[in-house]
Amino acid sequence: MAYPRYGGGLGNFSNQMQMGQPMPGTGPAVLPGGYPAYPAYPDSYSSAGDPMWTYFTAVADQDGEVDAEELQKCLTQSGISGTFSPFSLETCRIMIAMLDRDYTGKMGFNEFKELWAALNAWKQNFITVDKDGSGTVERHELNQAIAAMGYRLSPQTLTAIVKRYSKNGRIFFDDYVACCVKLRALTDFFRRRDHMRQGVVSFIYDDFLQGTMAI
């Protein structure tokens with residue numbers, strides 16, 4: 001199973017996870033270990049003249065960040081979900097967790113810009129694989145979408161994802177985005193610990209819980 005690159009211990013308890021070879025072909029550039037590259041906005045990104053800055057600050061707190069409820073309001077008002085249903089509060093929570101590198105539980109403007117780019121890419125991907133225009137994707141379409149992002153999942157993993165995010169075998173846009181967010185966030189959590197870029201890491205139990213329960 002290939003995975004992309006993005007932009008306290010309890011005794012001897014540890015867990016090893018192994019992933020296979022990166023997926024060849026098109027999609028994000030894949031590095032050894034299976035990490036396609038996703039650009040991130042630098043901390044020095046200038047908001048001057050950016051029309052989204054005014055929009056973002058309209059819902060942000062005085063500290064210049066948004067929580068999950070404010071992010072939900074911001075995305076709903078922006079219309080980024082198009083004709084699809086607005087993002088749920090739970091999906092907005094894991095969006096923040098995906099990019100919350102300073103562990104504030106909120107999202108700053110640079111993180112918001114990075115999220116915006118990811119959402120637009122995922123939306124275009126969703127529309128591309130939804131060939132019948134049903135507003136949902138089925139298992140084979142989800143497989144195409146995930147492969148296009150640079151992942152190579154086993155049939156068992158794909159089945160687990162479909163069971164988790166589908167309703168009667170169909171995955172709606174909000175659930176699709178939630179799936180993309182969690183897949184990226186967990187991959188990034190794994191990648192930061194895969195120092196040799198070989199798809200193998202050892203987790204201390206508490207570290208594993210902190211990383212997965214936050215998403």
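Just so it is clear, the structure is predicted and the values come from calculations on it, not from any experiment.
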query: What distance do Ile146 atom CD1 and Asn125 atom CG have between them, rounded to the nearest 0.5 Å?
result: 9.5 Å
message: Walk me through whether Arg197 and Arg191 qualify under side-chain contact (heavy atoms from CB on, under 4.5 Å).
response: CA-CA 8 Å; Arg197 299 295 187 264; Arg191 180 188 64 82; 3.6 Å; yes
- prompt: Side-chain heavy atoms under 4.5 angstrom apart, residues restricted to Ile, Leu, Val, Met, Phe, Trp, Tyr: same cluster for Val162 and Val181?
  reply: yes
query: Hey, what's the ring geometry for Phe203 with Phe189, parallel, tilted or perpendicular (30° and 60° as the breaks)?
result: parallel
task: Ignoring hydrogens and angles, tell me if any N or O in the side chain of Lys123 forms a donor-acceptor pair with the backbone of Ile80 under 3.5 Å.
output: yes
field: SB check Asp188 Arg184 (cutoff 4.0 Å)
entry: no
- prompt: Given the rule in the ring-ring contact (aromatic ring centres under 6.0 Å, His included) test, do Trp122 and Tyr176 qualify, once you have shown the distances and angles that lead to the verdict?
  reply: CA-CA 9 Å; Trp122 290 333; Tyr176 168 80; 7.8 Å; no
statement: When every non-hydrogen atom of Ala214 is compared with those of Ala97, the smallest separation belongs to O-CB, 3.3 Å
- request: Check Glu70 against Val66 and note the closest heavy-atom contact, atom names and distance.
  value: OE1-CA, 3.2 Å
- prompt: For Asp206 and Gln210, what are the C-alpha separation, side-chain angles and deciding distance, and is it a side-chain hydrogen bond (donor to acceptor under 3.5 Å, both in side chains)?
  reply: CA-CA 6 Å; Asp206 194 53; Gln210 288 181 40; 2.8 Å; yes
message: For a quick check under 3.5 Å, do Gln124 and Asn120 share a side-chain donor-acceptor pair by atom type?
response: no
- request: Could you give me the CA-CA distance, side-chain angles and deciding distance for Met95 and Val177, then say whether side-chain contact (heavy atoms from CB on, under 4.5 Å) is met?
  value: CA-CA 9 Å; Met95 286 177 183; Val177 169; 3.7 Å; yes
field: ILVMFWY network linking Phe208 to Phe190, side-chain heavy atoms under 4.5 angstrom
entry: yes
message: Nearest 0.5 angstrom please: Gln144 CD to Lys131 NZ, how far?
response: 6.0 Å
message: Using the side chain to side chain contact (heavy atoms under 4.5 Å, CB included) definition, which of the options Asp175, Val137, Asp174 pairs with Tyr165?
response: Asp175
- prompt: Which pair of non-hydrogen atoms, one from Phe126 and one from Gly135, has the smallest distance, and what is that distance?
  reply: CZ-O, 3.4 Å
- prompt: Got a second to check how far Thr136's OG1 is from Arg170's CZ, nearest 0.5 Å?
  reply: 4.0 Å
Flag if over 12 foreign heavy atoms under 6.0 Å of CD, Gln77: yes
field: Met149 versus Cys180, closest heavy-atom pair with distance
entry: CE-SG, 3.7 Å
- prompt: Ignoring hydrogens and geometry, is there a side-chain-to-backbone donor-acceptor pair from Asp194 to Gln198 under 3.5 Å?
  reply: yes
- prompt: Which value, rounded to the nearest 0.5 Å, describes the distance between Ile127 atom CD1 and Thr83 atom OG1?
  reply: 7.5 Å
- request: Tell me, with the steps shown, if Leu115 and Leu71 meet side-chain contact (heavy atoms from CB on, under 4.5 Å).
  value: CA-CA 11 Å; Leu115 172 66; Leu71 177 62; 4.0 Å; yes
query: Between Glu90 and Ile94, does a side-chain contact (heavy atoms from CB on, under 4.5 Å) hold up when you go through it step by step?
result: CA-CA 7 Å; Glu90 179 58 27; Ile94 63 174; 3.9 Å; yes
field: Distance (rounded to the nearest 0.5 Å) between Asp63 CG and Thr104 OG1
entry: 7.5 Å
Value rounded to 0.5 Å, distance of CD in Glu114 from CZ in Phe109: 12.5 Å
task: Measure across Phe56 and Met107 and return the closest heavy-atom pair with its distance rounded to 0.1 Å.
output: CZ-O, 3.5 Å
- prompt: Under 4.5 Å between any side-chain heavy atoms of Glu141 and Asp132, yes or no?
  reply: yes
- prompt: Hey, is NZ on Lys73 packed in by over 12 heavy atoms from elsewhere, all under 6.0 Å?
  reply: no
Nearest heavy atoms of Glu111 and Leu99, plus distance in Å: OE2-O, 3.0 Å
task: Report yes if the side chains of Lys163 and Thr159 come closer than 4.5 Å at any heavy-atom pair, otherwise no.
output: yes
Within one Ile-Leu-Val-Met-Phe-Trp-Tyr cluster: Trp53 and Val59, side-chain cutoff 4.5 Å: yes
